[in-house]
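Before any comments, here is the structure.
The sequence lines fix the lettering, A, B, ..., with proteins before strands; numbering per chain opens at 1.
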Number of protein chains: 2
Amino acid sequence: MERELLLLGLLRRTDMHGYQLHEFINQNMVSCIDLKKPTAYFLLEKMADKGWITQTETHEGNRPPRRVYQVTAEGERVFQRLLRENLAEHHPARFTGDIGLTFLDTLLPSEARDLLLVRRAALREELENVRAIPVHSGSSQLVIEHRARHLQTELDWLDELIERLG
Amino acid sequence: MERELLLLGLLRRTDMHGYQLHEFINQNMVSCIDLKKPTAYFLLEKMADKGWITQTETHEGNRPPRRVYQVTAEGERVFQRLLRENLAEHHPARFTGDIGLTFLDTLLPSEARDLLLVRRAALREELENVRAIPVHSGSSQLVIEHRARHLQTELDWLDELIERLG
DNA sequence: ATCGATATAGTCAAAATTGACTAATCAGAA
DNA sequence: TTCTGATTAGTCAATTTTGACTATATCGAT
């Protein structure tokens with residue numbers, strides 16, 4: 001759901017059409033996410049179906065029509081929910097593309113802090129688990145060591161973020 | 001291609017059938033990759049089509065037949081190529097699931113070292129680029145800072161790995 | 001004014017991925 | 001022994017994702 005979070009978050013700032021959204025993401029968030037154009041349109045259509053956003057077709061001359069999207073009241077509620085979920089959950093497979101960070105400033109620092117505390121707990125647990133993997137399991141020692149390092153970096157980062165907020 | 005690299009690498013060690021492969025990956029490499037069962041079978045079929053592996057159907061009583069896979073000579077060549085590509089390339093979107101590490105010990109330390117040197121160069125370049133992003137670009141400062149940290153961790157890790165090998 | 005190159009805006013068929021399923025076997029409890 | 005739940009082995013339809021495409025507009029050079 002973090003792609004939906006991103007699209008909602010951007011549209012909440014400014015109404016945009018599909019191409020514009022995709023361009024923005026491609027220019028400013030490459031390091032964060034790789035969202036292909038057709039996927040963006042696909043997600044937008046799905047979100048429109050669910051009533052999270054509405055489309056306004058604008059015809060200009062002979063051009064292909066542009067569909068500008070606006071976040072609905074329901075979409076706003078979904079954004080709020082997704083943002084909180086994203087911040088509180090520890091997604092084990094990604095230290096990159098932490099979309100929630102982009103919209104952290106839309107929350108009260110105290111609430112943001114509480115959500116990150118939940119995440120930190122899960123992160124700590126995983127780090128302990130990884131450190132507890134016996135040497136002669138089927139998994140590669142290098143892979144485990146590598147992961148432990150990034151988990152530690154993530155933990156340090158969260159610690160600092162939490163401190164900044166509190 | 002790193003899923004193919006993984007499957008080839010595992011099959012190169014021991015012949016296995018699809019379910020076995022999936023189980024092994026799921027038990028020992030969760031932190032590394034999330035390969036769903038149907039995707040595993042899909043990839044195996046594709047690899048068999050390309051002649052990288054061969055299937056041997058074994059019927060046992062009334063069971064659904066098991067297809068045991070073996071790496072062909074061509075598959076072995078592809079494995080060697082994919083491993084080298086994987087080690088030398090800096091994949092910007094993942095600090096997790098570095099499959100190449102699992103099979104690093106199949107190379108001569110000196111060659112492994114050379115490949116990782118290429119990767120380190122690309123990594124350094126990205127870190128510089130990320131650090132050079134102006135504060136008032138469209139991207140979130142937190143996201144950039146977050147990425148820079150993990151890139152630095154990755155760089156330190158590579159430095160150490162390279163030293164260990166040289 | 002016109003030609004080519006690039007930017008804008010979106011679509012589509014083909015390929016890949018997934019959740020949910022079938023179906024047989026096995027291990028232990030009643 | 002027979003029932004139940006877990007394990008083994010793989011498949012399938014529906015959903016998602018992608019590369020390649022259409023088509024107009026715009027901008028700079030000739």
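Cluster annotation: B/Ile162 is connected to B/Phe103 through the hydrophobic network of ILVMFWY side chains, with a link wherever side-chain heavy atoms come within less than 4.5 Å. B/Leu44 and B/Tyr19 fall into different hydrophobic clusters, where Ile, Leu, Val, Met, Phe, Trp and Tyr residues are linked whenever their side-chain heavy atoms come under 4.5 Å apart, directly or through other members.
Between the side chain of A/Ser137 and the backbone N or O of B/Asn28 there is no donor-acceptor pair closer than 3.5 Å. Checking side-chain atoms of B/Arg84 against main-chain N and O of B/Gln80 turns up a donor-acceptor pair under 3.5 Å.
Overall bending of the helix from C/dA1-D/dT30 to C/dA30-D/dT1, expressed as the angle between end axes built from five pairs apiece, is 10° (10° steps).
Between A/Arg67 and C/dT11, a side-chain N or O to OP1/OP2 separation shorter than 4.0 Å is present. Phosphate proximity of D/dG10 to B/His17: present, with a side-chain N or O under 4.0 Å from OP1 or OP2. Not one side-chain nitrogen or oxygen of B/Arg3 sits closer than 4.0 Å to the OP1 or OP2 atom of C/dA16.
No side-chain heavy atom of B/Met47 sits under 4.5 Å from any side-chain heavy atom of B/Arg3.
The interatomic distance linking A/Gln20 (CD) with C/dA9 (P) rounds to 7 Å, in whole Å. Summarising the geometry, the separation between CD on B/Glu45 and C1' on C/dT17 is reported as 14 Å, rounded to the nearest angstrom. At whole-Å resolution of the value, OH in A/Tyr41 and P in C/dA13 are 18 Å apart. The separation between A/Met16 atom CE and C/dA9 atom C1' is 15 Å, rounded to whole Å. The interatomic distance linking B/Phe42 (CZ) with C/dA15 (C1') rounds to 6 Å, in whole Å. To the nearest angstrom, C1' of C/dA7 lies 6 Å from OH of A/Tyr19. Distance A/Asp49 CG to D/dT16 P: 11 Å, rounded to the nearest Å. Distance CG (B/Leu44) to C1' (D/dG10): 12 Å, rounded to an integer number of Å.
Each of B/Arg119, B/Glu126, B/Glu154, B/Glu125 was evaluated against B/His90; a single residue qualifies, B/Glu126, per the side-chain hydrogen bond (donor to acceptor under 3.5 Å, both in side chains) test.
Looking at A/Glu74 and A/Lys50, no side-chain N of the basic residue comes within less than 4.0 Å of a carboxylate O on the acidic one, giving no salt bridge. Ion pair A/Arg124/A/Glu128 not flagged as a salt bridge, since none of the NZ, NE, NH1 or NH2 atoms sits closer than 4.0 Å to an Asp/Glu carboxylate oxygen.
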Review point. Should B/Trp52 and B/Val71 be marked as a side chain to side chain contact (heavy atoms under 4.5 Å, CB included) after you check the CA-CA gap, both sets of side-chain angles, and the distance that decides it?
Key: CA-CA 6 Å; B/Trp52 300 356; B/Val71 177; over 6 Å; no
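Near-neighbour residues of DNA chain D inside residues 24-39 of chain A, defined by a heavy atom below 4.0 Å, number-ordered: A/Lys36, A/Pro38, A/Thr39.
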